[in-house]
Chemist: 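Take a look at this one; I'll ask things after.
Computed from a predicted structure; not experimentally measured. In this chain, residues are counted from 1 in sequence order.
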Amino acid sequence: MLTQLDSKPLRWQKTRYSPLTRQLDVFTACGLFMFFLWWDRSLANNTSRQKQKRARWLVKTMLDLGPTFIKIGQALSTRADILPLEYVEELEKLQDKVPPFSSDQAVAIIEAELGNSLFTLYRDFDEQPLAAASLGQVHKARLHTGEDVIVKVQRPGLKQLFDLDMQAVRRMIQFCQQNFSWSKLYNLDELYNEFFMILYQEIDYIKEGKNADRFRENFKNYPGILVPKVYWKYTTHKVLTMQYLPGIKADDRDKLLAYGIDVKRLNQLGICCYLKQILQDGFFQADPHPGNIAVSVDGNLIFYDFGMMAEVKALAKDQMIKAFFAVLKKDTDVVLDTLIDIGLIESVSDMKPVRKMVKFLLEEFTEKPVDFQMFNQIKEEIYIMFEQQPFRLPAQMMFILKSLTTLDGLARTLDPKYSLVACAQPFVKSLTISQQRGNLVGELAKQARDFIKFRLQQPSKTEVLIRRLEERLEEGELQIRVRSVESDRALKRINLALKSLIYICWTGFTLIAGAILLIGNYQGWAVLVLLLSILGLWMSVRSLFNLAIRERLDRIAES
């Protein structure tokens, strides 16, 4: 649903926007948000109400900064695993709160791109947009041949804004890498390059049209999936004309039930569809939020947006197939080895915390909804993992995980008792009876048959009891090992406290020296010494901030 915001133009909608002004806007917004977080932690004011307040400010700021940051916010709205619920709920609103641009601008772009007057091109054209997204908006129209279509029009000045944002975000990353040690733990450069590469592809509607044709070809013999046709005569780099396929928003559970649509079957169709995209086709929609997927009144899935598509290399697909069936079998060792092979986890000297984390996830969440409170059972292992930093998120994997986490959230909205294993059964069954040839299909069929054998050869109750006893013994050994890190944590806190004390003494000493020099009319030296005092103050605040975070993490781990 389209939400009209204030009529006042936002900052990013300026006709003239200099690189320096844009840089200041981005740095100011990021700096304010970091200050707010530090202030809340310093005052121990991290209540749910305060988080909601900060989250609303963040959403408003992202809307004000424009399409690039709206896209970043939409990606973060799928990460309930790393963000507080209050932030996730507010960021989700970015899907519906993007302001439209004027119909006059839309018509001007269409006529300039297609080289003719609007009603020479279309018999009817609805100037009120059906929906507005971060990169463009959609209008309903009718061709002179009688077909109902939608016309997607790119926002004016979008490429120029992206060029400015590339520079601004690049400098922000460089600033973080130079001043914050935590930023060096993540491959920010690779993520930056991949994000903007995808972003620039997404504003090329010729590329999107070709993606839609390829996607439709992949599903031409697959029942239950509808992909709109592209009308190439009325399509350019900034205008895309496609078949009009109306439907119910994919997360509108009440409306779906009112039409008698089986949400369990719908989840099954969606999961099998995405397994086919990722494991068989190697070409998948990387942004499956409810605005991009709808449901027809007869229960078919309709895919709309093909701007953010991603491809999986053949080697990675083989690894993902193994990981998928290992998840179904809850085989911790194979899942862990596969995750290391595809680069999602880095091997470290002590993999016990990681192994226990993977095993916990497989046991608790593959067949029932996620309950984040259950993570308290393994919070010690989570703490150790983040200290060692064994997890690494390659740029390509970011889009795979984003699409899967979004799809998982959508499935659980429709059916709180949703089970990945149950939904994947038709896909597994289709692989076991597949008679096609080729390395990839052969690997799929082999893994599927092995999975069926595994299900038929479940261990007896005695074997299960023995395994649980072994696990308890292992956990006991792990607990002894975990307790040995407490002294190390204390030493790290003492080290940070000493650094903070040194910086504070430096700040006080230089401040007093600067004041004395100023009184003695040594203005030049006084300015230099006072500048050193300001530097000391900055380093003191930064060190105290790191100490506060360390103490908070330690309290969480020890409670």
Side-chain angles (χ1 to χ4, degrees), residues 1-2 98 100-133 135-156 202-250 252 255-256 258-261 266 269 273 285 288 290-309:
M1 179 180 177
L2 184 67
V98 185
F101 52 93
S102 74
S103 59
D104 290 341
Q105 288 178 301
V107 171
I109 292 170
I110 293 169
E111 292 181 341
E113 287 290 308
L114 298 179
N116 220 324
S117 65
L118 184 69
F119 290 105
T120 302
L121 298 165
Y122 305 102
R123 181 197 297 176
D124 299 309
F125 184 86
D126 189 352
E127 293 189 357
Q128 180 66 29
L130 286 174
L135 306 184
Q137 66 189 35
V138 174
H139 295 260
K140 186 183 176 184
R142 178 170 292 172
L143 300 177
H144 287 285
T145 50
E147 296 100 323
D148 286 330
V149 296
I150 59 100
V151 184
K152 187 174 178 180
V153 188
Q154 190 179 115
R155 286 185 178 275
E202 204 172 349
I203 61 172
D204 183 354
Y205 288 169
I206 295 287
K207 175 74 172 174
E208 181 172 349
K210 290 178 179 178
N211 287 342
D213 283 348
R214 180 178 173 185
F215 193 88
R216 188 172 58 256
E217 179 66 21
N218 288 344
F219 283 92
K220 66 179 180 181
N221 297 319
Y222 199 96
I225 304 298
L226 301 179
V227 182
K229 173 186 173 183
V230 178
Y231 292 88
W232 286 104
K233 183 181 177 181
Y234 309 95
T235 296
T236 70
H237 290 287
K238 294 183 179 179
V239 176
L240 175 63
T241 303
M242 303 180 77
Q243 178 185 5
Y244 176 59
L245 292 176
I248 306 162
K249 203 171 179 181
D252 193 341
K255 196 169 183 180
L256 291 171
Y259 274 89
I261 295 170
L266 197 62
L269 180 62
C273 168
Q285 189 191 54
N292 290 340
I293 303 176
V295 183
S296 66
V297 291
D298 52 355
N300 294 323
L301 277 179
I302 309 169
F303 286 82
Y304 288 137
D305 194 303
F306 304 93
M308 187 175 282
M309 305 295 290

Chemist: What pair of heavy atoms forms the shortest contact from Tyr205 to Thr236, and how long is it?
Modeler: CB-O, 3.3 Å
Chemist: Taking all atoms of both residues into account, what is the closest heavy-atom pair of Gln154 and Ile109, and its distance?
Modeler: O-CD1, 3.4 Å
Chemist: Going by heavy atoms in the side chains, are Asp305 and Ile293 under 4.5 Å from each other?
Modeler: no
Chemist: Count the heavy atoms of every other residue, nucleotide or ligand shown that sit under 6.0 Å from OH of Tyr222, and state whether that count exceeds 12.
Modeler: yes
Chemist: Quick one: does Ser117's side chain get under 4.5 Å of Glu111's, heavy atoms only?
Modeler: yes
Chemist: Please report the shortest heavy-atom distance between Leu143 and Leu121, naming the atom on each side.
Modeler: CD2-O, 4.4 Å
Chemist: Give the ring-plane orientation class for Tyr122 versus Tyr234, where under 30° counts as parallel, over 60° as perpendicular and anything between as tilted.
Modeler: tilted
Chemist: Could you go through the salt bridge (charged side-chain N to carboxylate O under 4.0 Å, His left out) check for Glu208 and Lys152 one step at a time?
Modeler: CA-CA 11 Å; Glu208 181 172 349; Lys152 187 174 178 180; 3.0 Å; yes
Chemist: May I ask you to test the Leu266-Leu256 pair for a side-chain heavy-atom distance under 4.5 Å?
Modeler: yes
Chemist: How close do Val149 and Arg142 get, heavy atom to heavy atom, and via which atoms?
Modeler: CG2-N, 4.3 Å
Chemist: Can you tell me which residue among Leu245, Leu130, Asp126 is in a side-chain contact (heavy atoms from CB on, under 4.5 Å) with Ile150?
Modeler: Leu130
Chemist: Salt bridge (charged side-chain N to carboxylate O under 4.0 Å, His left out) between Lys220 and Glu217: does it pass, once the steps are laid out?
Modeler: CA-CA 5 Å; Lys220 66 179 180 181; Glu217 179 66 21; 2.8 Å; yes
Chemist: Between Arg216 and Asp213, is a salt bridge (charged side-chain N to carboxylate O under 4.0 Å, His left out) present by the stated rule, with each step listed?
Modeler: CA-CA 5 Å; Arg216 188 172 58 256; Asp213 283 348; 2.6 Å; yes
Chemist: Using side-chain heavy atoms (C-beta onward) and a distance below 4.5 Å, is Ile302 in contact with Ser296?
Modeler: yes
Chemist: What distance separates Arg155 CZ from Gln137 CD, expressed to the nearest 0.5 Å?
Modeler: 6.5 Å
Chemist: Are Thr235 and Val230 packed together at the side-chain level, in the sense that at least one heavy-atom pair is separated by less than 4.5 angstrom?
Modeler: yes
Chemist: Relative to the ring of Phe125, is the ring of His139 parallel (under 30°), tilted (30 to 60°) or perpendicular (over 60°)?
Modeler: parallel
